[in-house]
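Only one structure is covered here, and it is reproduced in the block below.
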Amino acid sequence: DKNLELVEMIISIGVPKNQIIIAGNSCGGWLTMMLISKYPNKIGGGISMNQACYGKQSKERKVKKNGVEKALTKFAKLDPGPAKMRQNQIDEISKSKNLPVLVFTHPKDPYDGLLSDWVEEIPGITRVIISNDRTINGKKCFRKGLKKNGKEWKKKLKNPHYIWDADCFQYYNQTILDYISSRVSS
């Protein structure tokens with residue numbers, strides 16, 4: 001496992017394992033939870049944002065309209081291999097006795113937005129439901145950046161899967177810093 005090799009290399013140069021916090025968005029967030037559940041004594045903690053590895057299940061299976069159970073049954077019927085793999089991975093992650101991961105989810109995330117409640121059953125996870133729309137704490141979310149010519153660009157956030165990349169997500173900076181501080185000092 002290359003991720004574990006990287007963690008061990010970081011430990012070998014003197015970084016205490018409680019100071020190693022891994023983070024990921026989408027499939028990277030899913031893999032963050034998998035790695036920490038598999039190697040709980042090697043990593044200080046993790047941050048997972050809108051974890052999902054199996055496509056736009058929440059949107060394509062119309063979870064809001066049909067409900068979680070119906071949507072997952074349809075997923076299993078139409079894509080049995082990936083559906084079984086997803087469930088097996090959830091089962092493995094769920095075996096964790098203490099999974100120190102800060103998990104951000106958004107109900108309008110088209111991937112696993114409405115399929116994320118299972119994370120709340122895992123001891124050690126702190127779940128933050130980001131918002132019910134494209135605002136945080138009353139602030140509309142925009143993605144901003146610089147063009148190659150140095151001019152700024154600004155676009156309204158369209159897909160909540162990438163809300164972590166919007167200016168409004170700064171609202172959670174203190175939550176993230178507090179989480180990291182709690183892990184590093186443990």
Side-chain angles (χ1 to χ4, degrees), residues 1-54 58 85-131 134 136-137 139 141-145 157 159-186:
D1 189 35
K2 294 293 180 188
N3 290 318
L4 182 60
E5 287 177 26
L6 179 59
V7 168
E8 289 176 342
M9 187 270 301
I10 293 169
I11 292 169
S12 76
I13 61 171
V15 177
K17 66 180 178 184
N18 68 320
Q19 292 183 11
I20 300 172
I21 308 292
I22 60 173
N25 178 62
S26 195
C27 202
W30 191 278
L31 294 173
T32 294
M33 292 190 298
M34 287 179 58
L35 184 68
I36 296 172
S37 68
K38 191 172 181 179
Y39 304 106
N41 298 318
K42 297 275 185 184
I43 301 163
I47 301 170
S48 173
M49 294 165 282
N50 289 326
Q51 74 286 341
C53 281
Y54 296 96
S58 199
M85 183 181 290
R86 179 184 184 275
Q87 188 56 54
N88 288 343
Q89 289 172 343
I90 289 172
D91 292 344
E92 282 301 310
I93 293 167
S94 297
K95 288 178 185 175
S96 182
K97 291 178 176 53
N98 181 27
L99 194 64
V101 180
L102 178 61
V103 175
F104 289 93
T105 64
H106 194 295
K108 289 192 178 176
D109 174 6
Y111 291 84
D112 263 26
L114 293 172
L115 299 171
S116 298
D117 288 348
W118 62 272
V119 301
E120 290 189 16
E121 298 174 21
I122 302 170
I125 282 188
T126 301
R127 180 184 185 193
V128 176
I129 299 174
I130 298 170
S131 167
R134 289 172 183 84
I136 293 178
N137 200 32
K139 182 178 179 180
C141 298
F142 293 91
R143 295 182 69 217
K144 297 177 181 182
L157 178 72
N159 184 343
H161 191 66
Y162 303 104
I163 200 164
W164 59 271
D165 190 32
D167 60 348
C168 60
F169 195 76
Q170 292 177 20
Y171 175 79
Y172 292 107
N173 285 357
Q174 193 61 52
T175 302
I176 294 167
L177 290 171
D178 290 347
Y179 168 76
I180 292 170
S181 178
S182 75
R183 298 307 308 155
V184 169
S185 63
S186 63

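Owing to the predicted nature of the structure, the values given are computational and were not obtained by experimental measurement.
The aromatic rings of Tyr111 and His161 sit tilted, their planes meeting at an angle between 30° and 60°.
Using a 3.5 Å distance cut-off with no hydrogens or angles, the side chains of Tyr39 and Glu8 do not pair a donor with an acceptor. Glu92 and Asn88 form no side-chain donor-acceptor contact under 3.5 Å, judged by distance and modelled atom types alone.
Counting heavy atoms from C-beta on, the side chains of Asp112 and Arg86 come closer than 4.5 Å. Side chains of Asn3 and Ile22 form no contact here, defined as non-hydrogen atoms less than 4.5 Å apart. Using a 4.5 Å cut-off on side-chain heavy atoms (C-beta onward), Phe169 and Ile176 make contact. No side-chain heavy atom of Ile10 sits less than 4.5 Å from a side-chain heavy atom of Gln19. A 4.5 Å side-chain heavy-atom check between Gln89 and Met85 finds at least one atom pair inside the cut-off. Residues Ile47 and Phe104 meet the side-chain proximity criterion, which asks for heavy atoms closer than 4.5 Å. Inter-residue side-chain proximity for Leu4 and Lys38 is flagged as unmet; no heavy-atom pair is nearer than 4.5 Å.
For the pair Lys17 (side chain) and Asn41 (backbone), a donor-acceptor distance under 3.5 Å is present. Looking only at distances, a side-chain donor or acceptor of Asn50 sits under 3.5 Å from a matching main-chain atom of Pro160. For Arg127 (side chain) and Glu120 (main-chain N/O), no donor-acceptor pair under 3.5 Å exists by modelled atom type. Checked by atom type and distance alone, the side chain of Tyr179 pairs as donor or acceptor with a backbone atom of Pro100 at under 3.5 Å.
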